[in-house]
Amino acid sequence: MTEETPESSEAPASEGSAEGVGGPNVVAAFKALPAAEKMLAIAATAALLGFILSSQWDFLFKHTWFPTCIFLGSVLCLAVIAMDLFGVKVLGHGLKMKLLLLLAVLPAIGFVVDALKNFWYALMLAGMFVMAYVGAKIGTREKIIKVTRSED
């Protein structure tokens, strides 16, 4: 009976190691992601590609916030999603979602901080946010935009 216990514990370990050698199927894991996380991964890749091709390396952590925030947000979003694709579970689901939300908003925060350096540009930015908010309110009131609410 004592011999059966080690054998049964060895079988799952060998199965797990066989999966580790073959590696997870990343394409299938990406297809299984929720639509929002797929869009975030694609947008982060596009933003990172735009950053790299625009050669803004000199702006990192120096003159403006937007290039630094777009770089950090994109790289870290892709890292969190890649960890999920490869089956690395470092964060709980709730914490992972909050981190992805923060990282996804980070470039917008950098853009706003840069915009607030110039009064007239900040005024245009504030007007844009109010216009977008009011447009969304009108859209939901007139049922142009349908909002579904789930009961908790």
Report task. Please lay out, stage by stage, how Leu33 and Leu85 fare under the test side chain to side chain contact (heavy atoms under 4.5 Å, CB included). Result -> CA-CA 8 Å; Leu33 283 176; Leu85 291 178; 3.8 Å; yes
**Report entry** More than 12 heavy atoms from other groups under 6.0 Å of CE on Met39
**Finding:** no
Requested in this report: For atom NZ of Lys117, decide whether the heavy atoms of other residues, nucleotides or ligands shown that lie under 6.0 angstrom number more than 12.
Outcome: yes
Report task. Establish whether Val105 and Leu100 are linked, either directly or via other cluster members, by ILVMFWY side-chain heavy-atom contacts under 4.5 Å. Result -> no
Requested in this report: Examine Val75 and Ile52 and state if one hydrophobic cluster contains both, with Ile, Leu, Val, Met, Phe, Trp and Tyr joined whenever side-chain heavy atoms are less than 4.5 Å apart.
Outcome: yes
Query raised in the report: Going through the distances and angles, do Glu37 and Met97 end up as a side chain to side chain contact (heavy atoms under 4.5 Å, CB included)?
Result: CA-CA 10 Å; Glu37 289 183 35; Met97 289 298 115; 3.0 Å; yes
Query raised in the report: Asp114 and Tyr121: side chain to side chain contact (heavy atoms under 4.5 Å, CB included), yes or no, with the steps?
Result: CA-CA 9 Å; Asp114 283 345; Tyr121 202 77; over 6 Å; no
Query raised in the report: Which value, rounded to the nearest 0.5 Å, describes the distance between Lys98 atom NZ and Leu95 atom CG?
Result: 7.5 Å
Requested in this report: Answer yes or no: are there more than 12 heavy-atom neighbours, outside Tyr133 itself, under 6.0 Å from its atom OH?
Outcome: no
Query raised in the report: Do Leu106 and Leu91 share a hydrophobic cluster, counting only Ile, Leu, Val, Met, Phe, Trp and Tyr and linking them when any side-chain heavy atoms are less than 4.5 Å apart?
Result: no
Query raised in the report: For the hydrophobic clusters of this structure (ILVMFWY residues joined by side-chain heavy atoms under 4.5 Å, transitively), does one cluster hold both Leu48 and Leu60?
Result: yes
Requested in this report: Inspect the surroundings of NZ in Lys137 and state if more than 12 heavy atoms from other residues, nucleotides or ligands are less than 6.0 Å away.
Outcome: no
Query - For the student: nearest non-hydrogen atoms of Phe61 and Thr68, plus distance - result: N-OG1, 2.7 Å
Query raised in the report: Relative to the ring of Phe71, is the ring of Phe51 parallel (under 30°), tilted (30 to 60°) or perpendicular (over 60°)?
Result: tilted
Report summary line: Between Ala44 and Cys77, the two heavy atoms sitting closest are CB-CB, 4.2 Å
**Report entry** Over 12 foreign heavy atoms within 6.0 Å of CH2, Trp120
**Finding:** no
**Report entry** Between CE on residue Met131 and CD1 on residue Ile138, distance to nearest 0.5 Å
**Finding:** 10.5 Å
Query raised in the report: Can you tell me how far the CZ atom of Phe30 sits from the CD1 atom of Ile81, to the nearest 0.5 Å?
Result: 7.5 Å
Query raised in the report: So Phe66 and Val113, side chain to side chain contact (heavy atoms under 4.5 Å, CB included) or not? Walk me through it.
Result: CA-CA 8 Å; Phe66 181 64; Val113 168; over 6 Å; no
Query raised in the report: Leu76 and Leu78: same hydrophobic cluster, using ILVMFWY side-chain contacts below 4.5 Å?
Result: no
Requested in this report: Heavy atoms only: give me the nearest Gly110-Cys69 pair and the separation to one decimal.
Outcome: CA-SG, 3.7 Å
Query - Distance in Å, Thr64 OG1 paired with Ile70 CD1, rounded so as to fall on 0.5 Å steps - result: 11.5 Å
